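Written out below as structure tokens is the structure these notes cover.
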Amino acid sequence: MTGTAKPTDGNAPVALPAAGESISAARKAIALVLKRGGIADFTFEARIMIEDLAGGSDPIDGSAAIRLNDALARRLAGEPLWRILGAREFWGLTFALSPGTLEPRPDSETLIEAALSHLAPRRHERLRALDLGTGTGCLLIAALREFPQATGLGIDLSPDAVATAMGNAARNGVAERTAFRQGNWTAGIDERFDLILSNPPYIGSAEIAGLDSNVREHDPLLALDGGPDGLTAYRALAAALPDHLHPGGLVILEIGAGQEEAVIALMEQAGLHHLASHRDLGGHIRGLVFGHRP
């Protein structure tokens, strides 16, 4: 992708980033191309592309120009920015992505906030944590960074996700306190935990086709499809979690819009007690906290 970008709004073509161009000029060129390509947050994305792909050279060199133009072509073709860059930030940490993982999203930080809120007095204890459907490992790894004496186990059905999570644990300095393995929820686990985290698939099967293409075409279906009513994973978790939770321990689950009442009912029918509901930055109920009945 060299020379000029074909306009999408009838205006004159715009120059693409080129070797010898200043960082400032390249960022402006990228922003204009993205804007004309219909990217809503074009200023932000242009800045992130420059920060990640320009290589620190100012003016940009030939290899940086190639990286930037390749990223632009992929973004204009509909690939999400963070998939192009191969990593995304979560809880101030960087997590590599792979085809078998969801992108970590800010809404999921609600679960870490809930864990800190409810377990603050135990922050320096030797807690044992479990993350079911671990994906990139972001929940478990972020929790272990906040609970410095804790150790954890992450489980995922996807071997690709397990490998990615292992790499992310090493990247973020907690590899010695974590283990990851392929598995189906708690199958084969014979221990109890002080903190159980999960962001399970919770989108109804019929709703998948209507998702934004950034999600539908690039996030793994295995991590999205929650069955006919979006609750299949929660039923499995309700059946398994009470037997794997220490007295005084917490289960913290992410949920989708409108699922609070149904998920609470499932967990309480299984013998857990609803302790709190936590809202994300958008004001939606995102995290549910459960413990054993008093």
Side-chain angles (χ1 to χ4, degrees), residues 88-93 95 102-155 165 172 174 177-178 185-186 192-202 223 226 230-231 233-234 237-238 240-242 244-268 270-294:
R88 184 164 184 176
E89 184 180 291
F90 180 87
W91 202 253
L93 307 170
F95 291 87
L102 289 175
E103 289 184 28
R105 290 178 169 86
D107 286 347
S108 298
E109 293 184 350
T110 306
L111 276 67
I112 305 302
E113 293 169 355
L116 287 171
S117 173
H118 292 270
L119 289 173
R122 305 182 65 189
R123 194 162 180 179
H124 294 282
E125 292 183 17
R126 296 182 180 278
L127 302 179
R128 185 75 172 134
L130 174 66
D131 181 15
L132 296 171
T134 195
T136 61
C138 65
L139 290 176
L140 181 60
I141 291 165
L144 294 187
R145 288 291 298 263
E146 294 294 340
F147 293 85
Q149 301 301 316
T151 61
L153 172 64
I155 303 293
N172 288 294
V174 296
R177 294 191 284 130
T178 57
W185 302 125
T186 61
R192 291 180 181 264
F193 298 85
D194 303 289
L195 173 63
I196 300 177
L197 300 162
S198 185
N199 176 15
Y202 53 68
L231 299 173
Y234 298 105
L237 292 172
L241 296 186
H244 292 283
L245 187 65
H246 272 308
L250 296 180
V251 170
I252 306 179
L253 305 176
E254 180 166 331
I255 61 168
Q259 292 181 322
E260 180 185 17
E261 184 177 334
V263 174
I264 289 174
L266 285 170
M267 296 299 154
E268 293 207 326
L272 293 177
H273 176 57
H274 176 233
L275 297 173
S277 298
H278 289 259
R279 296 183 183 273
D280 61 25
L281 292 175
H284 305 289
I285 297 295
R286 185 65 58 185
L288 301 181
V289 183
F290 300 91
H292 284 300
R293 293 193 182 281

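Since the structure is predicted, the reported quantities are computational estimates derived from the model, not experimental observations.
Glu125 places none of its side-chain heavy atoms less than 4.5 Å from the side chain of Asp194. Counting only heavy atoms from C-beta outward, the side chains of His118 and His278 approach each other to under 4.5 Å. The shortest distance between side-chain heavy atoms of Leu272 and Leu245 falls below 4.5 Å. Taking the side chain as every heavy atom from C-beta outward, Glu268 and His274 approach each other to under 4.5 Å. Two residues are said to be in side-chain contact when any heavy atoms from C-beta on lie closer than 4.5 Å; Leu153 and Phe193 meet this criterion. Side-chain contact between Arg145 and Trp91 is absent, with no heavy-atom pair separated by less than 4.5 Å. In this structure, Arg88 and Pro106 have side chains that are in contact, with non-hydrogen atoms separated by less than 4.5 Å.
Taking CG of Leu195 as the reference point, atom NE2 of His246 lies at 11.5 Å (rounded to 0.5 Å). Between Leu127 atom CG and Leu119 atom CG the span is 6.5 Å, to the nearest 0.5 Å. Distance check: Thr186 OG1 to Leu130 CG gives 8.0 Å after rounding to the nearest 0.5 Å. Rounded to the nearest 0.5 Å, atoms CZ (Phe290) and CG (Leu275) are 8.5 Å apart. In this structure, SG in Cys138 is found 7.5 Å from CD1 in Ile112, a value given to the nearest 0.5 Å. Going from atom CZ of Arg128 over to atom NE2 of His244 covers 12.5 Å, rounded to the nearest 0.5 Å.
Scanning all heavy atoms of the two residues, the minimum distance from Ile141 to Ala165 falls at CD1-O, 4.0 Å. Closest approach of Gly271 to Arg293, counting heavy atoms only: O-CG, 3.5 Å. Nearest heavy atoms, Phe90 versus Leu139: CZ-CD2, 3.9 Å. The shortest heavy-atom contact between Leu288 and Ser277 is CD2-OG, 3.3 Å. Summarising the geometry of Ala142 relative to Leu93, their closest heavy-atom pair is CA-CD1, 4.1 Å, with the distance given to 0.1 Å. The two residues Trp185 and Pro200 make their nearest non-hydrogen contact at CH2-CB, 3.8 Å.
Of the candidates Leu253, Val263, Leu231, Leu237 forms a side-chain contact (heavy atoms from CB on, under 4.5 Å) with just one, namely Leu253.
Ser108 places no side-chain N or O within donor-acceptor distance of the main-chain N or O of Pro104, the cut-off being under 3.5 Å. No donor-acceptor pair closer than 3.5 Å links the side chain of Gln149 to the backbone N or O of His124. When atom types are taken as modelled, the side chain of Arg286 and the backbone of Leu281 share no donor-acceptor pair closer than 3.5 angstrom. Put simply, the side chain of Arg177 gets close to the backbone of Leu144: a donor and an acceptor are under 3.5 Å apart. Between the side chain of Glu254 and the backbone N or O of Leu111, no donor-acceptor pair lies under 3.5 Å.
The environment of CZ in Arg192 is crowded: more than 12 heavy-atom neighbours from other residues, nucleotides or ligands sit within 6.0 Å.
Side-chain polar atoms of Thr110 and Arg279 form no donor-acceptor pair below 3.5 angstrom.
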Given Leu241 and Val251, is the side-chain contact (heavy atoms from CB on, under 4.5 Å) satisfied, shown in steps?
-> CA-CA 8 Å; Leu241 296 186; Val251 170; 3.6 Å; yes
Audit row: Tyr234, Ile255, side-chain contact (heavy atoms from CB on, under 4.5 Å) steps and yes/no = CA-CA 9 Å; Tyr234 298 105; Ile255 61 168; 3.7 Å; yes
